[in-house]
J.: 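To start, I am sharing the structure in question, which I have written as C-alpha cells.
Hydrogens, waters and symmetry mates are skipped; everything else that's a heavy atom, side chains included, is used. Keep in mind that what you see is a predicted model, and the values were worked out from it rather than measured. Chain naming here is simple, since letters A, B, ... match the order of the sequence lines and numbering starts at 1 in each.
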Amino acid sequence: MPELPEVEAVCRKLRPAVVDRKIVSADIRRCAPVGTAERVSGRSILAVARVGKHILIRLSAAVTLHVHLRMSGNLFAIPDHRFCGASARILFRLNDGSGMVLEDPRALARVEVCETAELDRALSAAAGPDPLTPAFTAAAFAGLARASRQPAKLFLMDQRRVSGLGNIYAAEALYRARVDPRKPIQRLTKPRLDRLHSAIVSVLSDAVQSAVSAYAGPGEFLEAESFPIHVYGREGEPCAVCRTPIRRISQGGRSTYFCPACQR
DNA sequence: AACACGACCTGGTAGC
DNA sequence: TGCTACCAGGTCGTGT
C-alpha cells in the first residue's frame, strides 16, 4: 500500500478527523518503543504533515509523532475508539471519543515520538526532495542525477535522492519516460532526464488523485479513474504501446518490471 | 560509492 | 486438503 500517493491520501483523510483533538491515552501493542503512550498522552494534535513517505503528526510542546507505514501499514481515524478492531497495532484515544488507529499485518511500521526540531533537522539532512514540492525542479533533479552512478531504478527508489517513490511508481515513472531501469542515471541525456523528471511528477500527481478517491471510505462512492499500472506486476503481458512482453528482472533484491522495447 | 544480502514480520498464493 | 516455498507497495545494518 504505501508509497507517496497512498501516504498523502492517508494524511488528507486523517487531517480533518484528528487535528485540534487531544490524545487522551494510547494502547501500544507493537511498532513503537515503550514509553510512547506516556509521551503522547495529554498532547494536542496541531497538524498532520508529510515528507516523502513519512507522516508527521505535530503535537503540542514541540513534539512530533513520526509514523512510517513501511510495507503494509495503514493509519486512519475511527469515530468511536471503543470499536477499535482487534488487529490494530496501536490505538490512540482522542478527547472527542474518536480514535486514531495504526494497523499493520506485518508489524513493520514504525512510530516514534521526537522533538520536532530535531526530527525536522534529521529528515531534511537525510531525505531528498519530495517530488510534489516546488524544490523538485528539473535542474535540482539533474544535479542529483549527475552525482550518482546508480541504475535509474535504484536511484529513484533511494530516499536520500528523491523522497517518496517506491517499487511501483518508480517502475511506472520509468515506463512513462521510456527510460531503461538498468541505465546508470548519470548517463542519461538532459532531454531524457527532463522527461523522467516530468514523468515522476505526473505519475505521482495522478496516483495521488486516484489514491485520494479510492480512499474515500465505505459509503462514499466516488467514481475514481484508478491509476493505470502499465508494467508493475505484469511480467509476460503485452506492453500497451508496442505489445512486447513486459519483462521482470531483479535490482537491489526487488523486482523491476519494464518494457524492453520502449525503455532504452 | 555502489552493491548484495539478511533481518525485521505476517499473510497470501502457486505448486505439488 | 495440507504442506512447502516463495513472494510482497520499505528500510536498516553489515560486509565486500
J.: Among the nucleotides dA2(B), dC9(B), dC3(B), which one has an atom lying closest to any side-chain atom of R161(A)?
T.: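 Given the options dA2(B), dC9(B), dC3(B), the side chain of R161(A) is closest to dA2(B).
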
J.: Just to be sure I understand the rule, does G253(A) reach a base, reach only the sugar-phosphate, or reach nothing, if contact means heavy atoms closer than 4.0 Å?
T.: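 Touches nothing.
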
J.: Figure out the CZ/C1' separation between R106(A) and dA7(B), and round it to whole Å.
T.: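 To the nearest whole Å, that distance equals 12 Å.
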
J.: Under a 3.5 Å limit for both distances, which nucleotide forms a Watson-Crick or G-U wobble pair with dC9(B), could you say?
T.: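 Pairing partner, where one exists within any strand: none, as none qualifies.
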
J.: In whole angstrom, what separates E6(A)'s CD from dA8(C)'s P?
T.: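 Roughly 17 Å, once rounded to whole Å.
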
J.: So what does R182(A) hit on the nucleic acid, given a heavy-atom distance under 4.0 Å: a base, only sugar-phosphate, or nothing?
T.: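 Result for R182(A) = nothing.
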
J.: Between R192(A) (side chain) and R264(A) (backbone), is there a donor-acceptor pair under 3.5 Å?
T.: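 Present.
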
J.: Without decimals, in angstroms, what is the distance between I55(A) CD1 and dG9(C) P?
T.: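 For the pair I55(A) CD1 and dG9(C) P, the rounded distance is 19 Å.
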
J.: What's the separation between atom CZ in F92(A) and atom OG in S98(A), rounded to the nearest 0.5 Å?
T.: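 Between F92(A) CZ and S98(A) OG, I get 12.5 Å after rounding to 0.5 Å.
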
J.: Rounding to an integer number of angstrom, what distance separates dC6(C) and dC5(B) when you compare their P atoms?
T.: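 To the nearest whole Å, 15 Å.
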
J.: Report the nucleotide, chosen from dA8(C), dG10(C), dG11(B), that has the shortest atom-to-atom distance to any side-chain atom of P105(A).
T.: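 Closest of the options to the side chain of P105(A): dG11(B).
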
J.: Starting at atom CG of N74(A), determine the distance to atom C1' of dG9(C), rounded to an integer number of angstrom.
T.: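 One finds 12 Å between C1' of dG9(C) and CG of N74(A), rounded.
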
J.: Have a look at P184(A) and say if it touches a base, only the backbone sugar-phosphate, or nothing, with a 4.0 Å heavy-atom cut-off.
T.: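 If one applies the 4.0 Å heavy-atom cut-off, P184(A) turns out to touch nothing in the nucleic acid.
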
J.: From the options dG10(C), dA2(B), dA8(C), select the nucleotide whose nearest atom is closest to the side chain of S148(A).
T.: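 Given the options dG10(C), dA2(B), dA8(C), the side chain of S148(A) is closest to dA2(B).
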
J.: Could you tell me whether the phosphate oxygens of dG10(C), OP1 or OP2, come under 4.0 Å of any side-chain nitrogen or oxygen in Q159(A)?
T.: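 No, because none of the side-chain N or O atoms of Q159(A) sits under 4.0 Å from OP1 or OP2 of dG10(C).
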
J.: Examine F227(A) together with Y169(A) and report whether their ring centres are nearer than 6.0 Å.
T.: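 Yes, they do, as the ring centres are separated by less than 6.0 Å.
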
J.: Using atom C1' in both nucleotides, what's the gap between dG9(C) and dC3(B) to the nearest angstrom?
T.: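 It works out to 22 Å between them.
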
J.: In this structure, how many angstroms lie between the P atom of dC9(B) and the CD atom of E103(A), rounded?
T.: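 The distance from CD of E103(A) to P of dC9(B) comes to 19 Å, rounded to the nearest Å.
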
J.: May I ask you to evaluate whether Y232(A) reaches the phosphate of dG9(C), defined as a side-chain N or O under 4.0 Å from OP1 or OP2?
T.: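 So the side chain of Y232(A) is within the cut-off, an N or O lying under 4.0 Å from OP1 or OP2 of dG9(C).
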
J.: Just to confirm, is there a sub-4.0 Å distance from OP1 or OP2 of dT11(C) to any side-chain nitrogen or oxygen of K53(A)?
T.: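 Checking dT11(C) against K53(A), a side-chain N or O does come within under 4.0 Å of OP1 or OP2.
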
J.: Does dT11(C) have OP1 or OP2 under 4.0 Å away from a side-chain N or O of R110(A)?
T.: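 No, outside the criterion.
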
J.: Answer yes or no: is there a side-chain heavy-atom contact under 4.5 Å between H66(A) and V111(A)?
T.: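 H66(A) vs V111(A): side chains apart.
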
J.: Would you say a side-chain N or O of S72(A) is under 4.0 Å from OP1 or OP2 of dG9(C)?
T.: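 The answer is no; no side-chain N or O of S72(A) sits under 4.0 Å from OP1 or OP2.
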
J.: Atom CZ of R254(A) and atom P of dC6(C): how far apart are they, to the nearest Å?
T.: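 Nearest whole value for this atom pair: 18 Å.
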
J.: Can you classify the ring geometry of H68(A) versus H54(A) as parallel (below 30°), tilted (30 to 60°) or perpendicular (above 60°)?
T.: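 Aromatic pair H68(A)/H54(A) classed perpendicular.
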
J.: Roughly how many Å is it from CG in L4(A) to C1' in dG9(C), rounded to a whole number?
T.: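 From L4(A) CG to dG9(C) C1': 12 Å.
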
J.: Under the 3.5 angstrom rule, does the side chain of T133(A) hit a backbone N or O of P129(A) as a donor-acceptor pair?
T.: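 No: the side chain of T133(A) does not pair with the backbone of P129(A).
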
J.: From C-beta outward on L108(A), which listed nucleotide comes closest to its side chain: dA8(C), dC3(B), dG10(C)?
T.: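 Side chain of L108(A) sits closest to dG10(C).
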
J.: Out of dG9(C), dA8(C), dC3(B), which nucleotide sits closest to the side chain of S255(A)?
T.: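 When the side chain of S255(A) is considered, dA8(C) is the closest of dG9(C), dA8(C), dC3(B).
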
J.: Tell me if the centroids of the rings in Y175(A) and F258(A) come within less than 6.0 Å of each other.
T.: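 Y175(A) vs F258(A): aromatic centres not under 6.0 Å.
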
J.: Within the structure, does a side-chain N or O atom of H68(A) lie under 4.0 Å from either OP1 or OP2 of dG10(C)?
T.: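 Answer no for this pair, as no side-chain N or O of H68(A) is under 4.0 Å from OP1 or OP2.
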
J.: Using whole Å, report how far CE of M71(A) lies from C1' of dC6(C).
T.: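 Roughly 13 Å, once rounded to whole Å.
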
J.: Closer than 4.0 Å, any side-chain N/O of R160(A) to the OP1 or OP2 of dT11(C)?
T.: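 It does not, given that no N or O in the side chain of R160(A) lies less than 4.0 Å from OP1 or OP2 of dT11(C).
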
J.: Which whole number of Å gives the distance between the P atom of dA5(C) and that of dC9(B)?
T.: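 Here dA5(C) and dC9(B) have their P atoms 22 Å from each other.
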
J.: Give none if dC3(C) has no partner; otherwise give the nucleotide forming a Watson-Crick or G-U wobble pair with it, both distances under 3.5 Å.
T.: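 Per the H-bond distance test, dG15(B).
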
